[in-house]
Each structure stands twice: as structure tokens, then as C-alpha cells.
K.L.:
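Handing you a structure now.
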Amino acid sequence: QVQLVESGGGLVQPGGSLGLSCAASGRIFSIETVGWYRQAPGKQRELVAAITSRYSTNYANSVKGRFTISRDNTKNTVYLQMNSLKPEDTAVYYCAAMNMQGPQAHISFCSGRGPGVMFASWGQGTQVIVSP
């Protein structure tokens, strides 16, 4: 299984931007879906964005138009560019890589339940704080 390490978190003002990176221990070209989850204090973990090996993307409604996920297989890295940040974006952000294949696994991964996410690889997380 791939090992993941996030970086790029920090403190930013509302309306600011922040870019997160997720470095994988091995090549990610064979991983169908990779993505970013976040968990804010007192809230459920939620999918922020996901991207497949075919570069199709899925975003939480709350971040559409503001966040962009990308992957660079040559650098074994997944990125999350966050613009127009809001205080509601404050959370620990986790990089995740799906260890299964197929549409059902993808749905499971993006929903946050089932084998697609249960058997995923996770990074340790990076803190993002959006505050004046």
C-alpha cells in the first residue's frame, strides 16, 4: 500500500489561498482514485475532492469553484489548491488513496463508507486554519 505525507497547511485569512501537497511513497499511476478529506472540530469527516486515474474529479458542493484537485503521476504527488478560503474551511486535511478498483469502490471512497474508504491509505493530516 502507498504511504502518504501531507504538507502545506497553515494559517490564512479569509479570502486567501493555500496549496496542499500529498507525497506518495510509490508511484500513484495505478491508483484509480486519490483525494482529500477534511475533518473540522465537532464535525463529521467529509470528502473535499477526489480525482481518478482518468482525471475526472469530484468536489464537495461547499468547495466547488474554489478548490482544485490535481495529480502528477511523474512526481507521485496529489495537490489541492484552495482559493477564496472561508472560516468554514478550517479543518485537518487528509490525503487518501484508494486501494481498490471499480466504480463501486469509487463511490464508496467518495461517500466515506464501505470498502473503498475502509481499505484506503491515509496520510497523517495537515492543519488548515482560516481566521482573520
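Side chains included, hydrogens not; waters and symmetry mates left out as well; all remaining heavy atoms used.
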K.L.:
Answer yes or no: is there a side-chain heavy-atom contact under 4.5 Å between Val78 and Ile69?
P.N.:
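When only atoms from C-beta onward are counted, Ile69 and Val78 do touch, with a gap below 4.5 Å.
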
K.L.:
Applying side-chain contact (heavy atoms from CB on, under 4.5 Å) between Phe109 and each of Met118, Met98, Gln104, report the one that passes.
P.N.:
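Result for side-chain contact (heavy atoms from CB on, under 4.5 Å) with Phe109: Met98.
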
K.L.:
If you look only at pairs with a residue in residues 45-70, which of them pass as a salt bridge (charged side-chain N to carboxylate O under 4.0 Å, His left out), with sequence neighbours excluded?
P.N.:
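Counting only pairs at least two positions apart or across chains, the salt bridge (charged side-chain N to carboxylate O under 4.0 Å, His left out) contacts touching residues 45-70 are Arg38-Glu46, Arg66-Asp89.
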
K.L.:
For residues 113-132, pull every pair meeting side-chain hydrogen bond (donor to acceptor under 3.5 Å, both in side chains), keeping only residues two or more places apart or in separate chains.
P.N.:
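Output for this query lists Asn99-Ser121.
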
K.L.:
What heavy-atom pair brings Gly125 and Val92 nearest, and what distance separates the two atoms?
P.N.:
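Distance-wise, the nearest heavy atoms are CA-CG1, 3.9 Å.
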
K.L.:
For residues 96-132, which residue pairs pass the disulfide bond (SG atoms under 2.5 Å apart) check, not counting sequence neighbours?
P.N.:
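Sorted pair list comes back empty.
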
K.L.:
Do the side chains of Leu85 and Phe67 get nearer than 4.5 Å, heavy atoms only?
P.N.:
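The answer is yes; the side chains approach within 4.5 Å.
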
K.L.:
Evaluate side chain to side chain contact (heavy atoms under 4.5 Å, CB included) for Val2 paired with Ile31, printing each intermediate quantity in order.
P.N.:
CA-CA 9 Å; Val2 65; Ile31 298 177; 3.7 Å; yes

K.L.:
Quick one: does any side-chain atom of Ser108 pair with a main-chain N or O of His106 as donor and acceptor, under 3.5 Å?
P.N.:
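Checking the backbone N and O of His106 against the side chain of Ser108, no donor-acceptor pair under 3.5 Å is found.
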
K.L.:
Looking at every non-hydrogen atom in both residues, tell me the closest pair between Glu32 and Met100 and how far apart they are.
P.N.:
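Nearest heavy atoms, Glu32 then Met100: CB-O, 4.3 Å.
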
K.L.:
Does Asn73 have any side chain to side chain contact (heavy atoms under 4.5 Å, CB included) partners at least two apart in sequence or in another chain, and if so, which?
P.N.:
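Applying side chain to side chain contact (heavy atoms under 4.5 Å, CB included) to Asn73 gives Ile28, Phe29, Tyr55, Arg71.
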
K.L.:
Do Ile51 and Thr33 come close enough that some side-chain heavy atom pair is under 4.5 Å?
P.N.:
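Sidechains of Thr33 and Ile51: no contact.
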
K.L.:
Can you see which heavy atom on Tyr59 is nearest to which on Ala49, and at what distance?
P.N.:
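In this case the closest contact between Tyr59 and Ala49 is CD2-CB, 3.5 Å.
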
K.L.:
Among residues two or more places apart or on two chains, list those pairs meeting ring-ring contact (aromatic ring centres under 6.0 Å, His included) that have a residue in residues 76-95.
P.N.:
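Every pair satisfying ring-ring contact (aromatic ring centres under 6.0 Å, His included) with a residue in residues 76-95: there are none.
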
K.L.:
Could you list the donor-acceptor pairs under 3.5 angstrom formed between side-chain atoms of residues 13-26 and any protein atom two or more places apart in sequence or on another chain?
P.N.:
| unit_1 | atom_1 | unit_2 | atom_2 | d |
| --- | --- | --- | --- | --- |
| Ser17 | OG | Asn83 | OD1 | 2.9 |
| Ser25 | OG | Gln3 | N | 3.0 |

K.L.:
Below 4.5 Å, heavy atoms only, C-beta onward: do Trp36 and Leu47 meet side chain to side chain?
P.N.:
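The answer is no, as the side chains (C-beta and beyond) never meet within the 4.5 Å cut-off.
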
K.L.:
What about Leu4 and Val48, same hydrophobic cluster or not, with Ile/Leu/Val/Met/Phe/Trp/Tyr joined at side-chain heavy-atom distances under 4.5 Å?
P.N.:
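Same cluster.
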
